[in-house]
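In what follows, every chain begins at residue 1, and chains take the letters A, B, ... in the order their sequences are listed.
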Number of protein chains: 2
Amino acid sequence: MSGFGPGDPFLADCPARLAVELIADKWTVVVLAGLSRGPVRHGELIESIGGISRKVLTQTLRRLEAHGLVHRHAYAEVPPRVEYELTPLGATLTEPIRALTEWAKANGEAVLAALDAGERAL
Amino acid sequence: MSGFGPGDPFLADCPARLAVELIADKWTVVVLAGLSRGPVRHGELIESIGGISRKVLTQTLRRLEAHGLVHRHAYAEVPPRVEYELTPLGATLTEPIRALTEWAKANGEAVLAALDAGERAL
DNA sequence: CAGATTAGGTTTCCGATAGGAACCGGCAGG
DNA sequence: CCTGCCGGTTCCTATCGGAAACCTAATCTG
């Protein structure tokens, strides 16, 4: 029943907590998933993700860049072309994100079903 | 280099996306980690997590309850006693969260180092 | 018997953040 | 000349998170 090792790793003040808070927002995980297959352009991310605004995507990518997870390469062309790519550090996140993705694929329906059931009960 | 299977699971409109957005907020992952070892009281979570307000903890737990991941048991006592516990569905999340936790433990320092380096460069 | 204590929750207020939409820059093509 | 292109920024509003006070009701304390 104990999911984690002794001394529960991030129920305290530690780098792990900061790292979790870094990626635990509405879009970061999805953006990282979008980057996991190689360099992608800003517009491609907007399209493939669907629902994210340009502003928020830029913010998210800049934050990931500042934390060393993403590399930004802007070509000096017109119209502009900007490609984003996972750094080696960012690539290490692909595995945990895949675990999350697979959970979501397996249980997404069950979560929605529970939500519906709860709402009917009100 | 391709982290995910063909047809990138949640870069579209699907239950997986909803499931990810359900848990991808500032506190949900941490709260779930706090619940992963068995029934816990509201106050215990406040203490062990550290930094979360009562209001937000309540909101988070209620949302998880509505989605079928957490079960809430309120004892009719005074002073009140309320225990929260993962449902079987919620327990399936323990594994992906552990993967995330272990990534954070392993790479939290590196992320902070990159952040410092970036800020010095400005 | 009056008043403090307890634990979970709610309310109020304020600052931070997200989202939509419109706009910018600067060159290519109609 | 004017429009489209792409990434980014700005403006405004709606929502969210956080701090602190308040609520309930039985039990403890003086």
Respond yes when some side-chain nitrogen or oxygen of [X] is under 4.0 Å from OP1 or OP2 of [N], and no when none is.
| X | N | value |
| --- | --- | --- |
| R41(B) | dG8(C) | yes |
| Q59(A) | dA18(C) | yes |
| K26(A) | dG19(C) | yes |

Note to self: Closest-nucleotide mapping onto DNA chain C: is P79(A) or T58(B) further toward the 5' terminus? I mean the 5' end.
What the structure shows: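 By nearest-heavy-atom nucleotide position, the 5'-most residue is T58(B).
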Checklist line | First encountered from the 5' end of DNA chain C, between R63(A) and V78(A) | finding: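 Result: R63(A).
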Could you check how far [atom1] of [X] sits from [atom2] of [N], rounded to whole Å?
| X | N | atom1 | atom2 | result |
| --- | --- | --- | --- | --- |
| R62(A) | dG7(D) | CZ | P | 12 Å |
| L61(B) | dA7(C) | CG | C1' | 14 Å |
| H73(B) | dG9(C) | NE2 | C1' | 18 Å |
| E47(B) | dT6(C) | CD | P | 13 Å |
| E83(A) | dC6(D) | CD | P | 14 Å |
| I46(A) | dC6(D) | CD1 | C1' | 11 Å |
| Y84(A) | dG7(D) | OH | C1' | 8 Å |
| E21(A) | dA16(C) | CD | C1' | 15 Å |

Next item on the list: Decide yes or no, distance alone: a donor-acceptor N/O pair under 3.5 angstrom between the base of dG8(C) and the side-chain of R54(B).
Entry: no
Check: Which atom names give the shortest non-hydrogen contact between A19(B) and A104(A), and what distance separates them?
Finding: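 Smallest heavy-atom distance, with atoms named: CB-CB, 3.9 Å.
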Check: With a 4.0 Å cut-off, would you call K105(A) and E102(A) a salt bridge?
Finding: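 Between E102(A) and K105(A) there is no salt bridge, as every charged N stays at least 4.0 Å from the carboxylate O atoms.
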Check: For R72(A) and W27(B), take the nucleotide of DNA chain D holding the closest heavy atom to each; which residue's nucleotide lies nearer the 5' end?
Finding: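 Between the two, 5'-proximity favours R72(A).
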Notebook entry, point to check: Of the nucleotides dC11(D), dG8(D), dG18(D), which one has an atom closest to the side chain of K55(B)?
Noted result: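 Of the options given, the side chain of K55(B) lies nearest dG18(D).
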Next item on the list: Report yes or no: do R63(B) and T28(B) form a side-chain donor-acceptor pair below 3.5 Å?
Entry: yes
Next item on the list: May I ask you to decide if S36(B)'s main-chain N or O and T94(B)'s side chain share a donor-acceptor pair within less than 3.5 Å?
Entry: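 No, because the side chain of T94(B) does not come within donor-acceptor range (under 3.5 Å) of the backbone of S36(B).
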Next item on the list: Evaluate the side-chain proximity of L45(B) to L61(B): yes if any heavy-atom separation is below 4.5 Å, no if none is.
Entry: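 A side-chain contact under 4.5 Å exists here.
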Notebook entry, point to check: Base, sugar-phosphate, or nothing: which does Y75(B) touch, judged by heavy atoms less than 4.0 Å apart?
Noted result: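 The answer is nothing, as Y75(B) stays clear of every strand by at least 4.0 Å.
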